[in-house]
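Everything on this sheet refers to the single structure shown next.
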Amino acid sequence: MQWTLVIPLKPLARAKSRLSDTADDGVRPGLALAFAQDTVAAALACPAVGDVAVVTDDVLAGRELAALGARIVPDEPRGGLNAALSHAAAVVRSTRPDSALAALNADLPALRPLELARVLDAAAEFPRAFLADAATIGTTLLTAREDAELRPAFGLDSRARHRASGATELPLTEVDSVRQDVDTGEDLRAALALGVGPRTAAAAARLLIPGQ
């Protein structure tokens with residue numbers, strides 16, 4: 001099964017506010033872009049992924065991610081994360097109604113293509129499925145086969161919300177790179193320990209991160 005990934009990205013100027021303990025206002029937009037670039041590049045290198053659609057209104061991010069091969073979908077609803085994902089899913093299926101969809105976080109800078117393939121292959125067994133994040137509270141990936149709607153419920157306690165919505169939780173091990181999103185300085189250190197992509201590595205090298 002080939003998947004279309006839908007990746008949401010808020011305007012870079014407002015991204016990653018919880019990284020303020022590690023990066024100041026002038027650095028965080030560049031870090032958020034680097035996370036997204038490494039995420040998209042790894043996703044496009046995954047053998048289970050047919051294409052990637054990024055939903056964003058950020059001009060710089062749209063240009064840079066399109067250069068990597070992503071399709072850019074404007075965030076027309078401007079109603080938050082779940083509305084953006086539902087809109088992008090509808091745009092994808094308006095031209096390819098039989099697409100298998102997966103919503104993926106944009107802040108997975110350590111993402112490994114083969115680990116992502118393992119997760120997507122496991123998800124193909126279920127109408128809807130999800131993978132919990134490293135903190136076991138949130139969600140980094142939500143899937144919907146071609147015969148199901150995505151029905152995203154990201155946000156606070158999204159692991160519990162996706163489980164309550166009927167999506168199957170994937171109890172996979174050794175897919176740490178797909179679980180390790182980055183919201184805080186501690187998350188960034190964990191991602192660096194796994195091994196991040198080149199753009200995040202370059203951006204992080206300009207920060208003073210204890211233990212790096």
Side-chain angles (χ1 to χ4, degrees), residues 5-46 49 52 54-56 58 60-62 64-65 68 70 80-82 84-85 102-116 118-119 130-142 152 154-159 162 170 172-212:
L5 298 194
V6 179
I7 298 178
L9 181 63
K10 67 173 61 174
L12 298 176
R14 294 193 285 108
K16 297 299 156 195
S17 59
R18 290 171 61 193
L19 271 173
S20 59
D21 63 337
T22 302
D24 63 28
D25 293 348
V27 174
R28 286 198 303 274
L31 270 177
L33 177 57
F35 297 164
Q37 288 173 303
D38 286 334
T39 300
V40 167
L44 286 168
C46 174
V49 173
V52 171
V54 176
V55 55
T56 187
D58 192 279
L60 173 60
E64 294 297 324
L65 297 173
L68 293 176
L81 175 58
N82 293 310
L85 285 170
L104 183 72
N105 287 11
D107 58 352
L108 298 167
L111 186 64
R112 304 280 192 276
L114 293 182
E115 289 187 13
L116 176 59
R118 278 194 62 213
V119 176
F130 72 95
L131 187 74
D133 65 8
T136 70
I137 296 171
T139 304
T140 57
L141 180 135
L142 171 70
F154 288 88
L156 186 65
D157 296 329
S158 65
R159 180 189 184 189
H162 283 131
L170 300 171
L172 299 176
T173 59
E174 299 183 2
V175 290
D176 292 348
S177 76
V178 195
R179 295 184 185 275
Q180 188 58 67
D181 54 354
V182 177
D183 288 317
T184 66
E186 182 179 352
D187 294 336
L188 180 54
R189 286 186 284 274
L192 289 167
L194 287 173
V196 296
R199 298 164 187 86
T200 301
R206 294 191 287 270
L207 301 174
L208 182 60
I209 302 177
Q212 182 180 340

Work out which heavy atom in [X] is nearest to a heavy atom in [Y]; give both atom names and the distance.
X: Ala103; Y: Leu85; result: CB-CD2, 3.9 Å
X: Ala106; Y: Pro8; result: CB-O, 3.3 Å
X: Leu68; Y: Leu44; result: O-CD1, 3.3 Å
X: Ala32; Y: Ala15; result: CB-CB, 3.6 Å
X: Arg199; Y: Gln37; result: CD-CB, 3.1 Å
X: Leu31; Y: Ala204; result: CD2-N, 4.3 Å

Task: Candidate pair Arg159 and Thr136, rule side chain to side chain contact (heavy atoms under 4.5 Å, CB included), full reasoning - done: CA-CA 7 Å; Arg159 180 189 184 189; Thr136 70; 3.4 Å; yes

TODO: Look only at the side chain of Ser177 and the backbone of Arg112, and say whether a donor-acceptor pair between them is shorter than 3.5 Å.
DONE: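 Yes; judged by distance alone, with no hydrogens or angles, the pair exists.
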
- [ ] Look only at the side chain of Thr184 and the backbone of Arg18, and say whether a donor-acceptor pair between them is shorter than 3.5 Å.
- [x]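 Checking the backbone N and O of Arg18 against the side chain of Thr184, no donor-acceptor pair under 3.5 Å is found.
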
Open item on the list: Please verify the inter-ring angle class for His162 with Phe154; under 30° counts as parallel, over 60° as perpendicular, anything in between as tilted.
Closed with: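 Aromatic pair His162/Phe154 classed perpendicular.
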
Is there a side-chain contact between [X] and [Y] in this structure, where contact means two heavy atoms from C-beta onward sitting under 4.5 Å apart?
X: Ile7; Y: Leu9; result: no
X: Asn105; Y: Leu141; result: no
X: Pro198; Y: Asp38; result: yes

How many angstroms lie between atom [atom1] of [X] and atom [atom2] of [Y], to the nearest 0.5 angstrom?
X: Glu64; Y: Thr56; atom1: CD; atom2: OG1; answer: 12.5 Å
X: Thr140; Y: Asp133; atom1: OG1; atom2: CG; answer: 6.5 Å
X: Asp58; Y: Lys10; atom1: CG; atom2: NZ; answer: 12.0 Å
X: Lys16; Y: Asp107; atom1: NZ; atom2: CG; answer: 3.5 Å
X: Glu186; Y: Leu19; atom1: CD; atom2: CG; answer: 11.5 Å
X: Arg179; Y: Leu194; atom1: CZ; atom2: CG; answer: 12.0 Å

TODO: Might you work through the side chain to side chain contact (heavy atoms under 4.5 Å, CB included) test for Leu104 and Leu111, ending with a clear yes or no?
DONE: CA-CA 11 Å; Leu104 183 72; Leu111 186 64; 4.1 Å; yes

